[in-house]
Novice: 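The structure's right below; bear with me while I get my questions together.
Chain naming here is simple, since letters A, B, ... match the order of the sequence lines and numbering starts at 1 in each. As the structure is a prediction and not an experimental result, all values here were calculated from the model.
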Protein chains: 2
Amino acid sequence: MKSAGIRDVAQLAGVSVTTVSHVLNDTPNMRVSVETRARVRHAAKTLGYGPNRMAQALRTNRSGLIGLLSEEIATTPHAGRIILGAQNAAREHDLTLVIINTERDAGGTSHRDDVQALIDRQVDAVLYATMYHRSVSLPPNLQDLPAVLIDSTDRAGIVPAVVPDEVGGAVAAVTHLVEAGHTRIGFLNNDDDVPATHLRFAGYRQVLQAHDIPFDEDLVFSAPSETLPGYGLARELLGRSDRPTALFCYNDRMAMGAYRAATELGLEIPRDLSIVGFDNQELIAANLFPGLTTVALPHYEMGVWAVETLVHLLHGEAEYRLIADKPALLDCPLVIRGSVAQPRAN
Amino acid sequence: MKSAGIRDVAQLAGVSVTTVSHVLNDTPNMRVSVETRARVRHAAKTLGYGPNRMAQALRTNRSGLIGLLSEEIATTPHAGRIILGAQNAAREHDLTLVIINTERDAGGTSHRDDVQALIDRQVDAVLYATMYHRSVSLPPNLQDLPAVLIDSTDRAGIVPAVVPDEVGGAVAAVTHLVEAGHTRIGFLNNDDDVPATHLRFAGYRQVLQAHDIPFDEDLVFSAPSETLPGYGLARELLGRSDRPTALFCYNDRMAMGAYRAATELGLEIPRDLSIVGFDNQELIAANLFPGLTTVALPHYEMGVWAVETLVHLLHGEAEYRLIADKPALLDCPLVIRGSVAQPRAN
DNA sequence: GTGAAAGCGCTAACAT
DNA sequence: ATGTTAGCGCTTTCAC
């Protein structure tokens with residue numbers, strides 16, 4: 001049994017397909033009597049009618065599909081949260097998400113081809129998500145379509161973008177430490193030249209300054225943002241006689257390294273050393289002991305924001321064209337677990 | 001400028017739309033001269049022609065969309081790997097993946113509704129993925145469509161399914177330990193009544209038996225498969241005077257707990273204690289020190305397998321209807337890092 | 001307040 | 001070897 005079509009509904013309701021279409025689409029200023037509407041709605045429900053999206057798409061030239069071009073879906077749970085947010089928001093607007101994975105930093109025309117694949121599939125718009133916050137130059141054919149960037153900014157400043165409020169997150173983290181009573185706060189930073197490196201550092205300095213704590217450059221170390229380098233840095237920093245009482249780490253992996261260093265040095269967390277991380281990677285943060293207090297990245301929220309913005313763009317709301325100017329900043333909330341306490345009285 | 005249609009190509013090539021359609025679709029036993037074909041192809045390329053998928057779908061009643069219904073996309077990286085595999089395989093067959101997230105164990109008709117949402121969107125088939133290996137009963141409306149289960153089996157045995165070869169993975173893990181010289185091997189098992197619990201245990205016993213190592217039930221402990229319970233179990237098992245020289249852990253999180261227990265007891269891994277995990281959660285396994293030797297779950301491969309099977313199903317290849325009988329088992333390879341060594345000579 | 005009919009871009013049965 | 005044409009299921013203009 002093939003599923004019901006609009007004419008089946010029309011027939012059952014004893015009206016024309018036109019009327020059915022009007023009623024079911026709530027066509028603005030249609031003129032259909034209340035009883036007729038009820039009859040049509042009832043007939044549709046009885047038959048379990050749902051419109052054929054392909055026919056609709058063909059006719060209206062709107063597929064209802066939105067493409068999500070994402071880097072490295074597989075590597076981190078972050079992509080999952082973006083997808084989830086985007087997909088939930090899409091459903092609200094009766095849009096469907098189609099996903100294409102793309103290589104990071106793939107050479108040549110790879111991204112161009114991925115965008116093309118999406119265009120070939122008649123997507124109405126595209127979401128372009130990178131796996132860490134950075135500045136990108138977009139494939140030229142992305143210009144043909146409404147688009148929104150997630151977790152990166154358009155080098156050319158044309159496409160609206162949404163990124164985490166890195167500074168705000170770092171401020172929240174370091175403030176938390178300061179409010180617990182710490183004044184000697186080490187910072188284990190990333191050494192890549194990416195926005196997060198500079199912005200989290202800026203947040204760190206900002207808090208010190210706000211609390212009149214002198215900035216001490218001997219407390220700031222940089223290395224690749226992995227567990228092992230984090231460990232190495234922490235060993236060094238914590239081995240000193242004037243060791244800091246707290247550590248702010250660029251990310252949870254570095255914090256994991258710091259945990260190990262602390263353990264080896266006989267420092268108990270949080271009694272002897274407070275630590276806060278960044279990224280809120282559940283697998284790490286929730287499974288360390290004690291649980292790592294860290295800053296969450298708003299991946300879910302960025303997914304939602306991006307779809308909402310796309311919807312506005314699709315509706316042609318002019319003001320949204322302008323928001324490309326400045327990327328939207330989304331809150332990075334602090335997630336408190338058990339790795340922060342007052343510094344030990346000396 | 002709206003994109004070229006088939007008649008533009010026809011006009012440019014000086015042929016009819018039929019011919020263009022035949023040529024571009026490589027329609028079986030069409031009769032078109034070689035020169036004409038070339039002319040058509042060239043015209044298509046010149047115009048940058050790509051068929052309108054919506055029109056195609058409407059006409060052929062095949063959308064080229066396949067729905068992936070996945071639980072908890074956001075929670076683990078596992079979903080990402082399934083998506084990636086499925087998406088790569090889909091692209092090979094010119095299929096597009098549309099993703100819907102669904103709640104785990106959602107009550108009532110929720111899964112039914114999710115499947116319906118996919119059907120409403122004219123997907124040709126659906127992939128149904130759960131986040132851990134188990135047996136499920138499927139929403140009734142899934143029967144209307146070709147479907148394949150990923151990481152779970154159909155209680156009713158109707159739908160083809162693919163799951164990890166848990167026994168094989170456990171065998172590989174424990175064999176690795178035995179071959180390193182261990183004979184007292186503890187097992188930290190999950191205490192949930194899920195297939196993996198029983199199958200990994202079966203693999204463990206199987207290896208012991210194959211090597212004439214007597215099974216000692218005092219070496220097997222169960223608890224929820226989290227870090228903290230893993231820690232507790234390991235403390236207990238390793239605190240004994242006749243402690244095992246190696247631990248096989250149900251998953252990497254429990255192994256992470258075991259690492260902590262070992263550290264606290266002054267046991268150095270792998271010198272004093274060898275550990276093997278399961279799941280290969282990179283974030284944990286690669287970031288522990290030393291790196292955790294563990295067993296990888298074939299999520300990517302299951303995604304690929306599922307799409308390939310779906311394609312066969314869609315082509316109506318009868319034999320594939322039968323494979324629902326027995327779920328396909330995919331290899332769980334051992335990933336060797338640094339947590340296994342010979343037992344220390346006494 | 002309602003309906004007839006054109007047509008979105010394509011495929012495929014049927015002519016020629 | 002190539003062309004004509006109906007029609008997929010819907011929206012929308014226009015007529016009544």
Novice: Does a side-chain N or O from B:Gln56 land closer than 4.0 Å to OP1 or OP2 of C:dG9, or not?
Specialist: no
Novice: Rounded to whole angstroms, how far apart are CZ on A:Arg37 and C1' on C:dG1?
Specialist: 10 Å
Novice: Tell me whether A:Asp26 is salt-bridged to A:Arg37, with the criterion being a basic N under 4.0 Å from an acidic carboxylate O.
Specialist: no
Novice: In whole Å, what is the span from the CZ atom of A:Arg31 to the P atom of D:dA15?
Specialist: 14 Å
Novice: Give one of base, sugar-phosphate or nothing for B:Thr36, where a contact means two heavy atoms less than 4.0 Å apart.
Specialist: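 Sugar-phosphate only.
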Novice: Please give, in whole Å, the distance from D:dT11 P to A:Arg53 CZ?
Specialist: 11 Å
Novice: Which parts of residues 9-25 of chain A get close to DNA chain D, meaning a heavy atom less than 4.0 angstrom away?
Specialist: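 Residues of residues 9-25 of chain A under 4.0 Å from DNA chain D: A:Thr18, A:Ser21, A:His22, A:Asn25.
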Novice: Before giving the answer on side chain to side chain donor-acceptor pair (under 3.5 Å), spell out for A:Gln116 and A:Asp120 the whole-Å C-alpha distance, their side-chain angles and the decisive distance to 0.1 Å.
Specialist: CA-CA 6 Å; A:Gln116 193 56 48; A:Asp120 286 346; 3.1 Å; yes
Novice: Out of B:Val123, B:Val98, B:Leu97, which residue meets the side chain to side chain contact (heavy atoms under 4.5 Å, CB included) rule with B:Ile66?
Specialist: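 Running side chain to side chain contact (heavy atoms under 4.5 Å, CB included) over B:Val123, B:Val98, B:Leu97 with B:Ile66 returns exactly one hit, B:Leu97.
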Novice: Does a side chain donor of either A:Thr96 or B:Arg121 reach within less than 3.5 Å of an acceptor in the other side chain?
Specialist: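 Yes.
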Novice: Return the value, rounded to whole Å, for the distance between atom CG of B:Leu58 and atom P of D:dA6.
Specialist: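 Those two atoms, CG and P, are 17 Å apart.
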Novice: Rounded to the nearest Å, what distance is computed from the CG atom of residue B:Asp120 to the P atom of nucleotide D:dG9?
Specialist: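 Roughly 16 Å, once rounded to whole Å.
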Novice: Starting from P on D:dC10, measure out to CG on A:Leu47 and report it in whole angstrom.
Specialist: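 Result: 12 Å.
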Novice: Once you round to the nearest 0.5 Å, how far does CG of B:Asn141 lie from NE2 of B:His111?
Specialist: 11.5 Å
Novice: Which whole-number value in Å describes the distance from A:Arg7 CZ to C:dA5 C1'?
Specialist: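 Rounded to whole Å, this separation is 12 Å.
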Novice: For the pair made of CG in A:Asn52 and P in D:dT11, what is the distance, rounded to whole Å?
Specialist: 10 Å
Novice: Map B:Arg59 and B:Val34 onto DNA chain D by nearest heavy atom, then report which one ends up closer to the 5' terminus.
Specialist: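 Going by which nucleotide is closer to the 5' end, it is B:Val34.
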Novice: Is the closest side-chain donor-acceptor distance between A:Thr18 and A:Ser21 under 3.5 Å?
Specialist: no
Novice: Can you tell me how far OG1 of B:Thr102 sits from CG of B:Leu69, rounded to the nearest 0.5 angstrom?
Specialist: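 It comes to 5.0 Å.
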Novice: Measuring to OP1 and OP2 of C:dT2, would you say a side-chain N or O of A:Ser33 lies under 4.0 angstrom away?
Specialist: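 True: A:Ser33 side-chain N/O within range (under 4.0 Å) of C:dT2 OP1/OP2.
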